[in-house]
Structures are given as C-alpha cells and as structure tokens.
Amino acid sequence: MIDARAEAGARPWWESAVIYQVYPRSFMDADGDGVGDLAGIRARLDHLVDLGVDAMWLSPIFPSPMADFGYDVADYCAVDPVFGDLAGFDALLAEAHWRGLRVLLDFVPNHTSDQHPWFIASRSSRDDSRRDWYIWRDPAPGGGPPNNWTSDMGGSAWAFDEATGQYYLHAFLREQPDLNWRNPAVREAMREVMRFWFDRGVDGFRIDVLWHCIKDEGLRDNPANPAFEAWMGEKHKVLQTHSANQPEIHELAHAMRRLADEYGDRLLVGEICLPLDQLMHYYGTAAAPGVHLPFNFQLFEAPWDAATLARIIREYEAALPPGGWPNWVLGSHDSPRLAGRIGEAQARVAAMLLLTLRGTPTLYQGDEIGIGRVEIPPDRIRDPQDLRQPGLGLGRDGARTPMAWSAGPQGGFTRAEPWLPLHADWRSRNVATQATEPGSLLSLYRRLLALRRQHPALATGTIALCEAAPDVLAYTRESEAGRLFVALNLSHAPRPMPMPAGMAAECLCSTHGAWPGDGAGQGALRSDEGVILRLEARP
Ligand code: GLC
C-alpha cells in the first residue's frame with residue numbers, strides 16, 4: 001500500500017517524500033504510565049495519514065537506562081519495555097506500511113550506554129576481548145585526562161575507571177561511552193544491527209551524530225576556540241578539529257550505504273552538524289556514495305529574514321554535489337520550538353517555506369499544531385544537558401513536551417501525569433480542535449502537504465529565486481507538469497507582491513485563507529502572508 005507515485009516513478013521514494021519525526025516518549029501514551037509508547041503511535045497513525053506525510057522517523061525505542069532518553073542504547077536489537085516489545089514494533093511497522101507510511105529508526109552508532117553488555121565486558125578488564133571496542137587510554141603523563149577534548153554535555157570527554165586505571169572517551173554523557181569504529185569487530189557488529197532491522201522491514205535509518213564516529217588516531221589535543229564565551233557551554237571551549245569529522249568517516253558512511261543499497265530502496269539520513277562545505281562531503285561521491293540525505297539544519301538558527309533565507313537557499317543549492325538531493329529541517333527534539341522562536345504568524349510562513357522548498361522536508365511532531373515555547377518548572381527538568389550545565393538555556397525539554405490530541409484531560413496524551421508538562425494552551429492548541437478549524441495551522445499543514453502531492457513542481461521540480469521587495473522571499477518551482485510561484489512576506493506589515501513578468505496566476509494557497517489578489521497577480525502580500533500561485537503563460 002506504499003504510495004503509487006513513488007513506486008511508479010523512476011525516482012527513489014524518498015525524494016518526493018515528507019518525513020515526520022516522532023519523539024516516542026511524547027507522542028501518545030497507550031498504557032497509562034505517562035510516557036508515550038509504540039501502541040500509542042499505532043493508535044495515532046491516522047494523524048500522520050490525515051496530515052499527508054510519507055515516512056516517520058522514530059527517535060530511539062531501544063532498551064536504555066534513559067540517561068539521554070534513549071540515545072544511550074543498552075541493546076540495539078530489542079525494544080525498551082517502556083515503549084513495548086518487538087512484537088509491538090512488528091505490528092506498528094506492518095500497520096504503517098499498510099497505511100502507506102515508511103518507517104525509519106534512529107541508529108546510534110557513535111556510542112552505547114555504559115550498561116550495554118559490550119561496555120560492561122570492556123570495562124571489566126584490560127585483557128577483555130571487548131576492551132578495544134571502546135576508546136581507552138592511560139592518564140596523561142602528569143595525571144588527568146589523556147587530552148583536552150570536551151564532552152558535548154559539558155566537562156572533559158574522558159571518564160576515569162578506577163578498577164582498570166584508564167580513562168574511556170565519551171563525546172556526550174559519561175553514561176554514553178564512544179565505540180571504537182577503527183576496530184573491525186565493532187563495524188561488523190554494527191552491520192549486524194542494521195541488518196537486523198532491515199531484515200525486519202524498516203525503510204531506513206536516521207544516523208545519530210554520524211560525524212563523531214571516527215576520531216583522530218593519535219587523539220591529538222583540540223585547538224582552543226578563540227571565540228569561546230561561557231554562555232556557549234563547555235563543549236565550545238575547544239574546536240572539534242581532532243575529535244570529530246575525520247577523513248575516514250566517509251569510508252564508514254559509504255560502507256553503511258553499501259549495506260542499505262543491498263536492500264534496494266532503503267534511506268539513510270545522517271545527523272551532521274558541520275559547516276556547509278564539510279556537510280556536502282557526506283553525500284560521498286559517485287564512486288563511493290555516502291548517506292542519501294545529510295540533514296540540513298540551517299533553518300534552525302537562521303535569523304528569520306528574507307535576505308538571510310535567500311542567501312541560505314542560494315548557497316545550499318550551489319554547494320550540492322552532482323546528484324545530491326537537498327533536504328530541509330525546521331525543528332527537532334534538540335532545538336527550541338520554531339513557533340516559540342519566530343512567533344505563530346511566521347510559523348505559518350515557515351510551514352509554507354519548508355513544504356515548498358526543493359528537497360525532502362522533515363517536520364517535527366508538534367510543530368504542525370504550533371506548540372510554542374514551553375516553560376519547564378525547575379523541579380521538572382529532565383534533560384541531562386540542562387541539569388549538568390544549569391542556567392545556560394541549553395535545555396531541550398521544551399521541545400520534547402507531549403503532543404496534545406484533544407481538549408480532554410492531559411490533552412488526550414495520557415491517563416497519568418505526563419513525564420514532561422504539556423504546553424500551557426493545550427486546551428485550544430490540540431489536534432482535534434485544530435482539525436475542525438479551516439484557519440488553523442494544522443489545516444494549513446494539511447493543505448500544503450496535499451499540494452505537494454498534487455504538484456510535481458513542488459515535490460521534485462526545479463527552484464529559482466526571484467527578485468522581490470525587501471522582507472519578501474520569492475521563488476518559482478517548475479516541472480514539466482507546471483510552474484508555481486511562492487512569495488513569503490517575512491515582515492509584520494504589508495509588502496508589494498512580486499510577480500514574474502508576463503504570467504497570469506491562480507492562488508493555490510495563502511497562509512491567510514482566501515487571497516484577495518486578482519488573477520493577473522496584482523495586489524499586495526498582507527503582513528506575515530505567504531502564497532502559492534499557479535502560473536500560466538498569458539494567452
Ligand atoms: C544527537 C541526538 C541528541 C543526543 C545526542 C547524543 O544529537 O539528537 O538528542 O543527545 O545525539 O546521542
């Protein structure tokens with residue numbers, strides 16, 4: 001029951017697809033313990049079908065002590081009891097496929113949990129056969145950690161193990177020891193993990209912190225970061241010159257790709273936070289392709305103005321390697337909520353931007369109903385990044401609060417106390433309420449996703465930026481089937497409507513509902529308005 005468009009077309013399915021990130025702890029709680037689960041996701045598949053997305057990526061569902069909420073994996077080939085079990089996963093996968101939805105899992109290759117049997121064996125003795133599965137070193141000559149690398153969660157990236165007298169490396173929490181990907185046995189074990197899930201039928205993986213997996217062989221000190229200021233968090237004290245993004249990573253990404261390609265049509269999305277020129281290397285080359293989609297996070301932090309966005313689009317498109325397919329991401333479980341950052345009116349414009357740019361969009365659960373900034377009371381903070389470096393505003397809990405499905409108790413998310421509080425306005429900001437309102441953000445998302453399915457120009461057409469007034473971002477999308485024009489007013493005041501010369505227009509969608517502009521494309525963009533017009537050559 002997978003969408004016939006992709007099956008019939010020459011293009012791989014994921015080029016025309018829209019990916020939806022599910023954060024399982026916060027999507028839907030079916031068993032009433034306050035934490036979301038697989039049965040809950042299964043019960044809410046209607047939402048994804050009604051929305052019109054093509055694939056869902058599940059943040060980690062594997063057994064985990066939850067020091068980093070599942071990004072500390074204790075068994076790669078099972079399901080944590082809080083989420084369900086393997087049979088429940090198989091049922092979810094089968095039903096998702098039957099509903100036409102692909103399923104991507106989160107592959108966390110850089111590190112395991114310190115409770116993973118591999119690490120328990122590795123730390124048991126210097127002579128254990130798994131010792132070299134992780135990165136162990138003697139203390140520096142004068143004592144202390146072997147080098148100056150810092151953890152992304154603050155402090156040194158090295159933890160001392162009293163029993164065996166050595167340090168182990170952890171790029172994140174000390175409960176997340178880094179695997180040694182220079183060891184062929186690790187590579188083989190992780191290939192088996194990928195096979196395990198591919199054989200079960202998953203459609204691909206989002207690969208966690210891919211650029212971290214290989215470190216400098218000599219573990220040289222990182223250079224100090226001249227721009228460091230305390231508010232940035234300790235990880236920025238040094239540049240990650242030697243601790244990440246080493247040349248050998250591309251061979252590793254290519255090996256993962258070869259494995260995925262053995263299965264035909266599976267997708268690999270890489271989480272890579274690097275400058276554009278470095279990011280592009282993760283596509284690989286024609287001879288040695290890397291991941292299909294190195295995540296493009298530029299919209300996360302971009303100043304929200306038309307000139308900046310135009311520059312980002314232009315530079316990104318120009319930097320893509322031959323055959324490299326673009327992608328765009330607006331939100332995630334790691335970044336502040338979009339609507340909180342740019343406001344509700346511009347969140348509507350952002351939805352239109354995300355779903356009309358060239359490339360595969362990934363949208364994050366809850367952004368479709370416009371969950372904004374959620375204040376987390378100090379006694380409810382759960383994110384280890386926030387707890388370890390308090391007061392710096394590094395907390396990620398605000399992006400991880402539960403979905404609100406209805407105006408019922410706890411927003412219909414759970415029968416119990418939810419593990420994180422819901423957003424304050426959940427009684428009006430929930431799926432059931434917004435589904436009945438034609439002017440809601442959810443209705444706009446549905447309309448935009450439907451247009452993407454109807455118009456090949458949007459799904460896979462070319463893009464060309466157009467001249468426009470200040471504060472307006474405008475571009476055309478074109479395929480053999482037609483030509484569309486997108487104009488986005490990034491300001492809170494009316495702006496002139498730009499139009500490519502000599503064309504007449506029909507409005508397919510406005511963020512404001514009906515569009516008062518005339519058929520010749522005259523008129524103005526209202527404040528915070530985005531429109532999609534269909535263009536025709538004048539008779
Ligand atoms: C990725 C995840 C983040 C996690 C980190 C360590 O960045 O998205 O949530 O803390 O990796 O696994």
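Read the numbers this way: they start at 1 and go in the same order the structure lists the ligands and their atoms. Index from 1, following the sequence. As the structure is a computational prediction, the values presented were derived from the model and not from experiment.
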Protein N/O near ligand 1 N/O, under 3.5 Å, which pairs?
unit_1, atom_1, unit_2, atom_2, d
ligand 1, 7 (O), E271, OE1, 3.2
ligand 1, 7 (O), E271, OE2, 2.8
ligand 1, 8 (O), R206, NH2, 3.0
ligand 1, 8 (O), H333, NE2, 2.9
ligand 1, 8 (O), D334, OD2, 2.5
ligand 1, 9 (O), H333, NE2, 3.0
ligand 1, 9 (O), D334, OD1, 2.8
ligand 1, 9 (O), R396, NH1, 3.4
ligand 1, 10 (O), D68, OD1, 3.4
ligand 1, 10 (O), D68, OD2, 2.5
ligand 1, 10 (O), R396, NH1, 2.9
ligand 1, 11 (O), D208, OD1, 2.8
ligand 1, 11 (O), D208, OD2, 3.1
ligand 1, 12 (O), H111, NE2, 2.9
ligand 1, 12 (O), D208, OD2, 2.9

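A salt bridge links R123 to D161: at least one charged side-chain nitrogen sits closer than 4.0 Å to a carboxylate oxygen. Between R380 and E417 there is a salt bridge, since a side-chain N of the basic residue sits under 4.0 Å from a carboxylate O of the acidic one.
Residues R182 and Q246 bring no donor and acceptor atom of their side chains to less than 3.5 Å of each other.
For H47 and W405, the distance between ring centers is under 6.0 angstrom. For W419 and F69, the gap between ring centers is short of 6.0 Å.
D132 and N180 make their closest contact through O-ND2, 3.0 Å (heavy atoms, listed as atom of the first residue, atom of the second, distance).
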